[in-house]
Amino acid sequence: MEPTKDQLLDIFKTMSTIRAFESKAVELFAAGKLPGFVHLYLGEEAVATGVCANLTIKDYITSTHRGHGHLIAKGGKIDLMMAELFGKKTGYCKGKGGSMHIADVDLGILGANGIVGAGQPISVGAAFACKYRKTDSVTVCFFGDGASNRGTFHESLNMASVWKLPVIFVAENNMYGISNSQKTSMNVADIADRAAAYGIPGVAVDGNDVIAVFEAASEAVKRARRGDGPTLIECKTWRWRGHFEGDPSVYKKPEDQESWLKKDPIPRLEAKLVDLKYATQPELDKIKSEIKAQVEDAVKFAEESALPDIEDVLTDVYAN
Amino acid sequence: MAEMTYAEAIRDGMRQEMKRDRNVYLYGEDVGIFGGCFGVTAGLFQEFGPERVIDTPITETAIAGSAVGAAAAGLRPIAEIMFVDFMGVCMDEILNQAAKMRYMFGGKAKLPMVIRTPCGAGFSAAAQHSQTLEAWFTHIPGLKVVMPGTAADGKGLMEAAIRDDNPVIFIEHKVLLGAKGEVPEGEYLVPIGKADIKREGTDVTIVAWSLMLSKALAAAESLAQEGISAEVLDPRSLVPLDKEAILNSVKKTGKLVIVHEAVRTSGFGGEIAAIVADEGFDLLDAPIKRVTAPDTPIPFSPVLESAYIPSEEKIIKAVKELF
């Protein structure tokens, strides 16, 4: 199903928020303000946004080490996210998780995850809970091309398919698992082909075309809500940055990088919005500058927030 | 009270909680019509139906990982991993997911899940089906580790584990499954983290859990005939550990022997010895002794296996070395 005007404008705002948040993270990391590892989603905004535009607050997602985009698309608050990146007490995880572990269970975000592929069986469990309770909620599992080679992928797709669970597996194929190209890691061109092994639909789409992602996800979410089981959607995309900030990406060919930069999903969406007369370019530019200001506010919030209390090292290990 | 086997008691604990709370469900390999590889879940499929007692494919990673997701989404799964030896197959789901989610998320998640799994040698099942691996899990903050040694504790700890809002590794012993005991009927809870003095004594404290509890009790009986009064303490859960109870007992006896079926090096006995050396050094009037399996894989041949497993005789010998 095609997105409506309102949906498409919301999608534009979400993608622009992810772009602004991640662009700011580049600067902040370079300035030495963010401890630890930061894995950025720049260039892949259409995937999380196109998928999550089909979800409600009652649906779940599992995310990855490259999770900021998924969290924003599922409604995560950028000030709390930014504070977590800074390791502050006001952050989503009170400074205990950092970029790789941000979660908001109340929004259905079951966490970014530092282990490649670990979100897959977790998503199956959340989907099981949705079905067990006889709700029509669904779970979306985001993972990369690298995670498609883990044993968790097989066990999760097998269990989800045999039990017809309401889960949508979204393979974000950004062509590289750290430095290893997909071509050296698997003997199939399309991860989506692996769906056949589980007797479920597999669809490969242009992950830089947010409308294509939206439509594929819309079908899959409807199927899951109907009780017809999982779908595997492969979104072909490209990560603009290194695996983490600080990785110079020597393994990527400059011509590939250049050609993918030309497929930037945001100008493509802007052209569509203008073409459909949903907005004028100056209106879109104004939205983008408002979003940049919101990100600056989030940074200010993070910078002015208190550091965690040392005593908090010992809390939150167990629920009472 | 009713006489039940350890397996029946654990099953009754699950049954009580499944009747009480529809969010509780049970799943794992062959737990349905087959009743579990060791029969512990027998009859639950018929009683609660296929929606709540669910056979899985052979898929330990998806069993443990989906328990994490279902618990995060509000259910209370009881997942069975057929042998504790197979926990290696799903260790990431336990080590990096179940144990850490709450902390990593700043306390904003709870994971009420139980992983039931049997341990122990005694059936010539050899090195991949006989291990006792509690120490792995005690080394991971965020997990609770429970090891009942009697039928009544099996039931009461199972009910407490299901009601606990944390991941609980519930380790059953294969040799104990048929052991009979008096078990309270109806709802019965044994608090996790509270040791039980199974036999009072004055001359030496023997700390033992799971199957080793019954061997320690037999040893204590023999020692009594030789004039040595042994107190036998079962911690019942290793995390949290009732260290006060252990220190109080050592205060009374001045001597400590720790018995576990797991291999010696980095076994949980070393942790208990360290706690007592650190916090109860002045209470001791003899060295702390450990009776454990040797640092080898578990052998197959019955003669080798029985030499491997800590015995009543080895416990008696260790105790006598202190006098």
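Because the structure is predicted, anything quoted here is derived from the model rather than measured. Atoms considered below: every heavy atom in the structure, side chains included; atoms not considered: hydrogens, waters and symmetry mates. Proteins get letters first, then strands, A, B, ... in listed order; numbering begins at 1 in each.
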*By a 4.5 Å heavy-atom criterion (distance strictly below it), what part of B:Glu93 contacts chain A: side chain, backbone, both, or neither?*
side chain

*When B:Asn96, B:Asp165, B:Thr61, B:Asp164 are compared by non-hydrogen pairs under 4.5 Å with chain A, the top option*: B:Thr61

*asked:* Counting only non-hydrogen atoms closer than 4.5 Å, does B:Gln97 touch chain A with its backbone (N, CA, C, O), its side chain (CB onward), both, or neither?
replied: side chain

*Side-chain ion pair, A:Lys300 and A:Glu303, N-O less than 4.0 Å*: no

*Can you tell which of A:Val105, A:Ile115, A:Val124, A:Asp106 has the highest number of heavy-atom pairs within less than 4.5 Å of chain B?*
A:Ile115

*Pairs of heavy atoms under 4.5 Å with chain A: top-ranked of B:Met104, B:Lys108, B:Lys110, B:Met101*: B:Met104

*asked:* Side chains of A:Phe301 and A:Leu80, heavy atoms from C-beta outward: is any pair under 4.5 Å?
replied: yes

*Contact part of B:Lys100 toward chain A, heavy-atom cut-off under 4.5 Å: side chain, backbone, both or neither?*
neither

*Assign the ring pair A:Phe153 / A:Tyr198 to parallel, tilted or perpendicular, where the plane angle (0 to 90°) is split at 30° and 60°.*
perpendicular

*chain B contacts, top residue of A:Lys96, A:Gln120, A:His154 (heavy-atom pairs, under 4.5 Å)*: A:Lys96

*Got a salt bridge between B:Asp234 and B:Arg236, using NZ or NE/NH1/NH2 to carboxylate O under 4.0 Å?*
no

_Please classify the contact of B:Leu111 with chain A as side chain, backbone, both or neither, using a heavy-atom distance under 4.5 Å._
neither

*Between A:Phe244 and A:Phe29, is the ring centre distance below 6.0 Å?*
no

*asked:* Need one label for B:Asp92: side chain, backbone, both or neither, based on atoms under 4.5 Å from any heavy atom in chain A.
replied: side chain

*Please work out whether the ring planes of A:Tyr41 and A:His70 are parallel, tilted or perpendicular, with thresholds of 30° and 60°.*
perpendicular

*Checking heavy atoms, do the side chain of A:Val167, its backbone, both or neither come under 4.5 Å from chain B?*
neither

_Ring center gap for B:Phe268 and B:His260 short of 6.0 angstrom_ = no

_One thing to verify: whether A:Lys134 and B:Glu51 come together as a salt bridge, which I'm taking to mean a side-chain N less than 4.0 angstrom from a carboxylate O._
yes

*Look at B:Gly107, B:Ala62, B:Pro77 and state which one has the largest set of heavy-atom pairs under 4.5 Å with chain A.*
B:Ala62

*asked:* Tell me which of these, B:Val68, B:Thr56, B:Ile58, B:Asn23, has more heavy-atom pairs under 4.5 Å with chain A than the rest.
replied: B:Thr56

*Counting only heavy atoms closer than 4.5 Å, note whether A:Tyr318 contacts chain B via side chain, backbone, both or neither.*
both

*Under 4.5 Å from any heavy atom of chain B - which part of A:Asp312*: backbone

*Considering only NZ, NE, NH1 and NH2 on the basic side and carboxylate oxygens on the acidic side, decide whether B:Glu244 and B:Lys194 come within less than 4.0 Å.*
no

*asked:* Need one label for A:Asp104: side chain, backbone, both or neither, based on atoms under 4.5 Å from any heavy atom in chain B.
replied: neither

_Taking the ring centre of each residue, are A:His65 and A:Phe37 less than 6.0 Å apart?_
no

_Counting only non-hydrogen atoms closer than 4.5 Å, does B:Pro141 touch chain A with its backbone (N, CA, C, O), its side chain (CB onward), both, or neither?_
both

*Non-hydrogen atoms of chain B under 4.5 Å away: do they reach the side chain of A:Thr62, the backbone, both or neither?*
neither

*Between A:Phe128 and B:Tyr25, is the ring centre distance below 6.0 Å?*
yes

